[in-house]
Amino acid sequence: MSSQSFHPPVRTLMGPGPSDVNPRILSAMARPTVGHLDPVFVDLMSEMKDLLRYAFQTSYELTMPVSAPGSAGMETCFVNLVEPGDKVIVCQNGVFGGRMKENVERCGGTAVMVQDDWGRAVDPQKVEEALKANPDAKVVAFVHAETSTGAMSDAKTLVKLAHDHGCLTIVDAVTSLGGSPLKVEEWGIDAIYSGSQKCLSCTPGLSPVSFSPAAIDVIKNRKTKVQSWFMDLNLVMGYWGGEGKRSYHHTAPINALYGLHEALVLLENEGIENSWTRHMTNHQALRAGLEAMGLSFVVPEGERLPQLNSVSIPEGVDDAKVRGQLLKDYNLEIGAGLGALAGKVWRIGLMGYGANKTNVLFCLGALDGVLSGMGARIASGVAVAAAQKVYAG
Ligand SMILES: *Cc1c(COP(=O)(O)O)cnc(C)c1O
């Protein structure tokens with residue numbers, strides 16, 4: 001055996017995540033490892049919680065990163081809030097709502113499904129009907145930014161509806177955090193989870209979460225033990241909770257947390273509103289280019305995510321061949337369709353560090369080149385200029 005070090009190519013990541021990682025984050029992660037109870041690391045943890053509160057726009061005490069990817073943040077919310085026999089209203093308008101159902105059932109709860117078409121926002125009227133028909137429901141769960149389709153739901157309205165009917169809320173903000181307006185405390189969200197690798201532009205593997213005082217009350221007064229030892233917040237709080245003394249729960253992924261800290265510093269320095277605006281501006285330029293080319297958006301205007309652009313694949317075009325050529329010739333990754341939309345759409349991400357003019361123009365030029373080269377029926381040579389016009393204002 002004489003194995004070699006792994007040297008990945010430098011790609012431009014414009015899919016559904018992971019997104020391009022800011023080099024400042026990668027260099028932060030290469031700094032010396034310290035012990036996970038070292039006083040300097042404990043200080044970093046405190047600062048991290050403050051930075052996460054800023055990102056989530058909340059003052060909730062229990063705000064921290066779960067030491068695992070977004071899916072584990074999802075599971076942390078469900079296993080702590082849902083007990084056997086509980087009824088949960090789950091909104092599904094894409095892949096991730098389906099995973100919420102799976103979580104509820106594995107906790108021994110009953111999921112009442114509210115279905116909407118893939119590519120559409122969650123319909124608040126249907127949620128209200130479900131709440132009226134299920135007065136014993138305990139939680140309403142929905143995905144704020146459905147990465148599988150590119151649809152954004154009205155979190156503020158859905159949370160208010162849930163509260164009016166005495167329900168807590170679990171919100172998936174994996175793709176919205178940092179990319180679209182999200183005000184956890186003002187909107188009254190009870191349990192929220194996100195991911196490090198989407199609009200925070202960090203490496204994958206960490207899941208910021210935040211819980212309201214009402215959610216903590218429910219967790220502290222459970223009738224049964226949380227089924228997962230690792231995710232039981234009653235135990236995790238001993239490590240991440242209160243200031244001062246911290247006890248060992250698990251070894252925190254130290255260097256990964258350096259990276260998330262740097263990502264959050266970058267977000268704070270930019271200003272979260274500026275980050276939201278930047279995602280929107282670049283989305284508008286990308287949209288102008290894609291539409292000039294003749295591609296159409298899957299999600300109706302007004303329900304679109306700026307950070308995840310789903311467009312229909314033109315008729316007769318080989319999905320895998322196009323994505324393969326983009327990767328091979330341009331080192332550019334765009335996303336394929338998922339579930340019901342597999343083979344029908346491309347998902348072009350503009351997340352975090354990757355939401356910039358260079359990426360937008362590069363992607364449009366590359367897509368134009370590949371599609372034109374294959375003889376696809378698109379308008380060639382106009383996309384980049386259409387995007388430039390948006391930037392010129
Ligand atoms: C990416 C994503 C997840 C899962 O996050 P992982 O880090 O892949 O586990 C969950 N929900 C949404 C909406 C996502 O986009």
Side-chain angles (χ1 to χ4, degrees), residues 13-21 25 52 56 65-79 90-104 106 116 118-122 141-155 158 169-180 182 184 189 191-210 228 230-231 253 256-257 259-260 263 279 298-299 303-310 333-342 345-352 354-355:
L13 301 179
M14 297 183 72
S19 58
D20 276 351
V21 178
I25 293 171
L52 279 176
F56 275 129
V66 171
S67 303
S71 304
M74 175 187 275
E75 198 143 346
T76 298
C77 291
F78 283 93
V79 296
V90 175
C91 308
Q92 181 170 20
N93 60 340
V95 166
F96 293 101
R99 291 196 181 174
M100 287 178 151
K101 173 177 190 276
E102 190 61 39
N103 268 271
V104 170
R106 285 174 191 235
D116 278 291
W118 287 44
R120 295 303 306 267
V122 172
F142 65 89
V143 179
H144 185 208
E146 238 314 340
T147 326
S148 65
T149 67
M152 160 110 74
S153 290
D154 181 352
L158 295 173
T169 47
I170 297 177
V171 178
D172 179 324
V174 174
T175 285
S176 52
L177 183 65
S180 304
L182 171 62
V184 171
I189 293 169
I192 189 161
Y193 58 93
S194 188
S196 48
Q197 78 277 27
K198 313 249 169 146
C199 294
L200 296 179
S201 273
C202 188
T203 52
L206 290 169
S207 177
V209 295
S210 186
S228 158
F230 185 71
M231 290 171 192
L257 288 167
L260 182 60
H279 283 85
V298 174
V299 177
E303 297 177 9
R304 284 178 200 157
L305 285 171
Q307 60 273 51
L308 200 283
N309 298 266
S310 285
E333 178 182 279
I334 64 168
L338 262 190
L341 297 175
V345 306
W346 289 313
R347 292 180 300 151
I348 304 176
L350 285 173
M351 298 184 180

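Note: hydrogens, waters and symmetry copies are ignored here, and every other heavy atom, side chains too, is used. As the structure lists them, so they are numbered: ligands from 1, and atoms in each ligand from 1. Heads up: numbering here begins at 1 and tracks the sequence.
Put simply, the side chain of Met74 reaches to within 4.5 Å of the side chain of Arg99, judged on heavy atoms. Side-chain contact check for Tyr193 versus Val66: every heavy-atom pair is 4.5 Å or farther apart.
The closest protein non-hydrogen atom to atom 3 (C) of ligand 1 is Phe96 CE2, 3.4 Å. Taking atom 4 (C) of ligand 1 as the reference point, the nearest protein heavy-atom neighbour is Ser71 OG, 3.7 Å. Atom 11 (N) of ligand 1 has Asp172 OD2, 2.7 Å as its closest protein atom, hydrogens excluded (heavy atom only).
Under a 4.0 angstrom heavy-atom cut-off, Lys198 registers as being in contact with ligand 1. Put simply, part of Gln197 is less than 4.0 Å from ligand 1, judged by heavy atoms. Within the structure, ligand 1 has Ala145 among the residues with a heavy atom less than 4.0 angstrom away.
Contacts between Ser207 and ligand 1, counted as non-hydrogen atom pairs separated by less than 4.0 Å, are absent for every part of the residue.
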Go through the steps to decide whether Met152 and Ser176 satisfy the test side-chain contact (heavy atoms from CB on, under 4.5 Å), and finish with yes or no.
-> CA-CA 9 Å; Met152 160 110 74; Ser176 52; 5.6 Å; no
Show your reasoning for whether side-chain contact (heavy atoms from CB on, under 4.5 Å) applies to Ser207 and Thr76.
-> CA-CA 10 Å; Ser207 177; Thr76 298; over 6 Å; no
Could you walk me through whether Phe142 and Asp172 pass side-chain contact (heavy atoms from CB on, under 4.5 Å), step by step?
-> CA-CA 6 Å; Phe142 65 89; Asp172 179 324; over 6 Å; no
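For ligand 1 and Gly70, the ligand atoms under 4.0 Å from any heavy atom of the residue are 5 (O), 6 (P), 7 (O), 9 (O). Atoms of ligand 1 lying under 4.0 Å from at least one heavy atom of Thr175, given by number and element, are 15 (O). Residue Thr147 has at least one heavy-atom neighbour below 4.0 Å for each of these atoms of ligand 1: 12 (C), 13 (C), 14 (C), 15 (O).
What you find for Leu308 and Met351 is that their closest heavy atoms are CD2-CE, 4.1 Å.
Note: Leu200 CG to Thr175 OG1 = 10.0 Å, rounded to the nearest 0.5 Å. To the nearest 0.5 Å, the span separating CG on Leu305 from SG on Cys199 amounts to 8.5 Å.
Taking distance alone, with nitrogen or oxygen atoms compared against 3.5 Å, Glu146 stays at or beyond that limit from ligand 1. Considering backbone and side-chain N/O atoms, Pro69 never comes within less than 3.5 Å of an N/O atom of ligand 1.
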